[in-house]
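Following: one structure in structure tokens, then a few remarks.
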Protein chains: 2
Amino acid sequence: MTIPVVNPTVAGSEPGPAVAAPDGSPTRADARRNRAKVMAAAQSVFAAHGVSAPMEDVARQAGVGVGTVYRHFSTKEALVEAIVADHIGPLVEQARLGLESDDPGGAFFRLLQALLDELVSFRPLAEAIAATAEHLAGARSQKDELVTLAVALLTRAQDAGTIRPDVQPEDLELLLSGLAHACDRHGGNQGNGARYLAIVWDGLRTADPTPLGGGLLPAGGH
Amino acid sequence: MTIPVVNPTVAGSEPGPAVAAPDGSPTRADARRNRAKVMAAAQSVFAAHGVSAPMEDVARQAGVGVGTVYRHFSTKEALVEAIVADHIGPLVEQARLGLESDDPGGAFFRLLQALLDELVSFRPLAEAIAATAEHLAGARSQKDELVTLAVALLTRAQDAGTIRPDVQPEDLELLLSGLAHACDRHGGNQGNGARYLAIVWDGLRTADPTPLGGGLLPAGGH
DNA sequence: TGACAACCGGAATGGTCATTCCGTTAGGCT
DNA sequence: AGCCTAACGGAATGACCATTCCGGTTGTCA
């Protein structure tokens with residue numbers, strides 16, 4: 001047992017051994033190189049076969065042994081999380097900028113659109129988003145932060161009159177969840193995802209909305 | 001239960017051994033009883049823990065051994081399919097009636113609503129629907145039939161002017177898929193599912209739709 | 001250049017299922 | 001009542017994986 005590490009670093013991303021010293025120094029060159037190879041391999045393997053693909057496939061694709069994969073990511077979950085973080089980072093950034101825009105509705109739409117693009121290109125992201133959306137409590141991870149920012153953007157878009165006022169953050173969770181899943185299931189066809197988004201978007205901005213409260217009567221039908 | 005289907009035995013439902021003789025005669029009483037117990041147990045176990053729940057849990061809940069479960073359903077998949085068929089049957093019936101209604105829009109909405117209810121009460125149904133929706137080729141199973149009928153209903157609702165004309169059957173697949181997943185992920189809260197449906201519905205019936213074709217520009221934003 | 005960790009690879013381990021096998025039990029029919 | 005066989009139950013089997021272990025390799029630093 002050689003795990004003298006005392007520093008926890010960021011939970012999950014840089015786990016057990018010391019890939020990076022407590023202060024952030026890089027360590028051995030081959031280790032850094034391998035970490036990158038593993039990330040790239042995981043990216044492609046998980047994208048192609050979903051997160052259920054065996055760790056050994058990731059290792060093979062990376063040209064290393066499983067042991068090496070586990071040296072860098074103490075757990076499969078940690079590996080997935082690391083990749084997801086890569087995808088989410090830019091989205092968080094975009095959401096931040098959007099909050100400062102004077103066109104909240106457009107910014108919100110573009111955020112959804114960007115999210116959709118990522119979703120299409122990397123399936124596991126969908127699962128991660130969906131899982132996070134479960135309860136948007138406090139923002140501790142990037143995923144949570146993204147959800148939080150998206151909610152803020154939603155509120156601003158509502159204040160601006162672009163989005164119907166009766167939509168709640170929980171609905172956003174559900175919509176994202178559904179969006180994610182639909183894209184997951186039809187990964188190959190980005191066009192479909194775009195159509196789906198357009199429809200939901202129209203539902204969000206409708207001027208003559210079906211009451212969301214109780215009765216569930218179609219506003220336009222009948 | 002009520003499976004008005006005229007068809008002999010649906011492939012997969014009554015497999016290997018002779019739960020029913022080739023001509024359809026019932027067989028031993030205890031066998032029939034156990035089959036029912038297994039179905040009920042599977043229903044509740046899968047609903048509670050998802051289809052990934054072990055067959056042994058189903059057997060225990062039914063008060064029988066795994067061997068007995070396999071005597072009635074040659075495969076886990078066959079068991080799931082049998083339960084799903086129970087849930088889909090009534091929906092197919094409703095869709096049929098809806099096709100004869102003079103209010104296609106309302107009928108379509110009510111079908112979605114009923115589907116949603118089933119989805120909320122039985123998670124695996126979501127997966128099954130989503131899986132089927134993949135390609136709505138020919139209607140050979142009940143699932144396919146449901147999708148086909150729903151598409152027909154959609155077309156009629158469009159002809160009646162309730163649903164925007166640029167919505168395609170593929171979009172329906174995606175929407176159902178997303179709907180299913182959202183309900184799967186938030187099984188406990190039917191209220192949320194209803195809200196989600198209302199939003200999507202408004203997107204479907206909007207009078208001022210975002211073009212579904214190319215540019216992906218928000219119609220109301222900016 | 002030599003020594004010492006840090007790293008590496010991949011076989012071995014442990015756990016979780018679906019599915020099969022077979023000795024035992026008990027409906028149904030004469 | 002007694003036989004014959006469909007049905008049972010549940011231990012055993014086989015696959016698939018994540019994760020761990022440890023002897024061998026190789027950057028790095030003095």
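Below, chain A is the first sequence line, B the second, and so on; all start at residue 1.
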On the side chain of B:Arg28, is there an atom forming a donor-acceptor pair with the base of D:dA7 - under 3.5 Å, no angle test?
no
Sorted by position of nearest nucleotide on DNA chain C, 5' first, the leading residue of A:Gly65 and B:Val66 is A:Gly65
Using heavy-atom distances to pick each residue's nearest nucleotide on DNA chain C, tell me which of B:Arg33 and A:Gly63 is more 5'.
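That would be A:Gly63.
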Over all atoms of both residues, closest heavy-atom pair of A:Gln113 and A:Leu197
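The answer is CA-CD2, 3.7 Å.
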Between [atom2] on [N] and [atom1] on [X], what's the gap in Å once rounded to a whole number?
{"X": "B:Arg35", "N": "D:dA6", "atom1": "CZ", "atom2": "C1'", "answer": "16 Å"}
{"X": "A:His49", "N": "D:dC17", "atom1": "NE2", "atom2": "P", "answer": "12 Å"}
{"X": "A:Arg32", "N": "C:dC7", "atom1": "CZ", "atom2": "C1'", "answer": "13 Å"}
{"X": "B:Arg60", "N": "C:dC17", "atom1": "CZ", "atom2": "C1'", "answer": "13 Å"}
{"X": "B:Phe73", "N": "C:dT20", "atom1": "CZ", "atom2": "P", "answer": "16 Å"}
{"X": "B:Arg71", "N": "C:dG27", "atom1": "CZ", "atom2": "C1'", "answer": "13 Å"}
{"X": "A:Glu56", "N": "C:dG10", "atom1": "CD", "atom2": "C1'", "answer": "8 Å"}
{"X": "A:Lys76", "N": "D:dT20", "atom1": "NZ", "atom2": "C1'", "answer": "17 Å"}

With sugar-phosphate meaning primed atoms plus P, OP1 and OP2, does A:Ala62 contact a base, only sugar-phosphate, or nothing at under 4.0 Å between heavy atoms?
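Since no nucleic acid heavy atom lies under 4.0 Å of A:Ala62, the category is nothing.
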Closest-nucleotide ordering on DNA chain D, the 5'-leading residue of A:Ser52 and A:Gly67:
A:Ser52
In terms of side-chain geometry, is the basic nitrogen of B:Arg96 or B:Glu145 positioned less than 4.0 Å from the acidic oxygen of its partner?
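Salt bridge: yes.
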Measure from the side-chain heavy atoms of A:Met55 and tell me the nearest of D:dC8, D:dA18, D:dT28.
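Selected nucleotide (nearest to the side chain): D:dA18.
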Can a donor-acceptor pair be found between the side chains of B:Thr68 and B:Asn34 at a distance below 3.5 Å?
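B:Asn34 and B:Thr68 do not have a side-chain donor-acceptor pair below 3.5 Å.
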Does [X] make a side-chain N or O approach to OP1 or OP2 of [N] shorter than 4.0 Å?
{"X": "A:His72", "N": "C:dC8", "result": "yes"}
{"X": "B:Thr68", "N": "D:dA7", "result": "no"}
{"X": "B:Thr27", "N": "D:dA6", "result": "no"}
{"X": "B:Asn34", "N": "D:dC8", "result": "yes"}

For the CG atom of A:Leu111 and the OG atom of A:Ser101, what is their distance to the nearest 0.5 Å?
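OG of A:Ser101 is found 12.0 Å from CG of A:Leu111.
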side-chain hydrogen bond (donor to acceptor under 3.5 Å, both in side chains), paired with A:Asp30, selected from A:Arg32, A:Arg33, A:Arg28
A:Arg28
